[in-house]
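To start, the structure under review is shown below, and the notes come after it.
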Amino acid sequence: DQQVKQNSPSLSVQEGRISILNCDYTNSMFDYFLWYKKYPAEGPTFLISISSIKDKNEDGRFTVFLNKSAKHLSLHIVPSQPGDSAVYFCAASRSSNTGKLIFGQGTTLQVKP
Amino acid sequence: SQTIHQWPATLVQPVGSPLSLECTVEGTSNPNLYWYRQAAGRGLQLLFYSVGIGQISSEVPQNLSASRPQDRQFILSSKKLLLSDSGFYLCAWSWGQGWETQYFGPGTRLLVL
């Protein structure tokens with residue numbers, strides 16, 4: 001049972017444009033959501049997070065939106081840069097569950113110069 | 001600042017041989033520690049987590065085991081490796097309870113032949 005799903009395995013955008021990565025979850029008990037960026041042969045790097053009491057969190061070029069009723073979150077990168085090319089994972093957790101994260105399958109983002 | 005180390009970076013082992021991967025965290029005390037595996041083309045799967053010395057929880061039945069002999073040391077082991085154990089193994093840490101962000105190490109690439 002895949003509780004966190006990233007249905008788009010890949011995404012290609014032009015430099016300077018907006019990148020939108022999507023993530024859906026099924027467990028309504030999740031109350032904390034994170035996005036990680038991963039380069040090949042490296043560990044994931046934390047990007048941005050959002051708790052269920054918010055519907056938007058912004059950090060520089062990165063904004064995460066949470067739609068609890070739809071059980072959907074998205075990561076917006078504006079403007080996209082070639083260095084943003086990587087695999088992006090969304091993850092979800094329950095605050096009462098020792099911080100265990102459930103990850104999606106990942107979306108490979110390619111930003112073309 | 002906190003730092004997480006994993007070694008070795010790459011490992012090639014024959015089927016049936018033992019395994020020991022080590023993870024250490026610096027700059028924090030009593031962290032929560034996690035082992036993940038990323039199989040080729042797939043997301044991150046939580047294997048084990050630990051909230052304290054000697055406390056290990058297993059997420060999936062498998063050929064692997066974990067131990068936490070010291071507060072900031074987490075070891076992943078196997079007595080006899082299988083071909084299916086090949087993958088990219090990641091250690092992560094977090095601190096506190098509730099909405100936690102996990103920080104990942106650089107990973108170990110394991111190839112079982």
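Just so we're on the same page: letters track the sequence lines, and every chain starts at 1. None of these values were measured; they are calculated from a predicted model.
Looking at A:Gln6, its side chain does come within 3.5 Å of a backbone N or O of A:Gly106 through a donor-acceptor pair. Side chain of B:Ser50 to backbone of B:Gln55: a donor-acceptor contact under 3.5 angstrom is found. Of the possible donor and acceptor atoms, one in the side chain of A:Thr107 sits under 3.5 Å from a partner among the backbone N and O of A:Ser8. No donor-acceptor distance shorter than 3.5 angstrom exists from the side chain of A:Asn22 to the backbone of A:His72, with no hydrogens or angles considered.
Note on ring orientation: taking the six-membered ring where Trp is involved, the planes of B:Tyr103 and A:Phe46 are perpendicular (angle over 60°, cut-offs 30° and 60°). Using cut-offs of 30° and 60° on the angle between ring planes, the pair A:Phe103 and B:Tyr36 is perpendicular.
Residues from residues 34-45 of chain A that place a non-hydrogen atom less than 4.5 Å from a non-hydrogen atom of chain B comprise A:Leu34, A:Tyr36, A:Lys38, A:Ala41, A:Glu42, A:Gly43, A:Pro44, given in numerical order. Close approach to chain A, defined as a heavy atom under 4.5 Å from one of its heavy atoms, is seen in B:Phe88, B:Leu90 of residues 83-91 of chain B, taken by number.
One distance of note links OH of B:Tyr49 with OG of B:Ser57; it measures 3.5 Å at 0.5 Å rounding.
The local environment of CZ in A:Arg17 is sparse, with at most 12 non-hydrogen atoms from other residues, nucleotides or ligands closer than 6.0 Å.
Annotation: B:Phe74 is not in aromatic contact with B:Phe48 [ring centroid separation under 6.0 Å not met].
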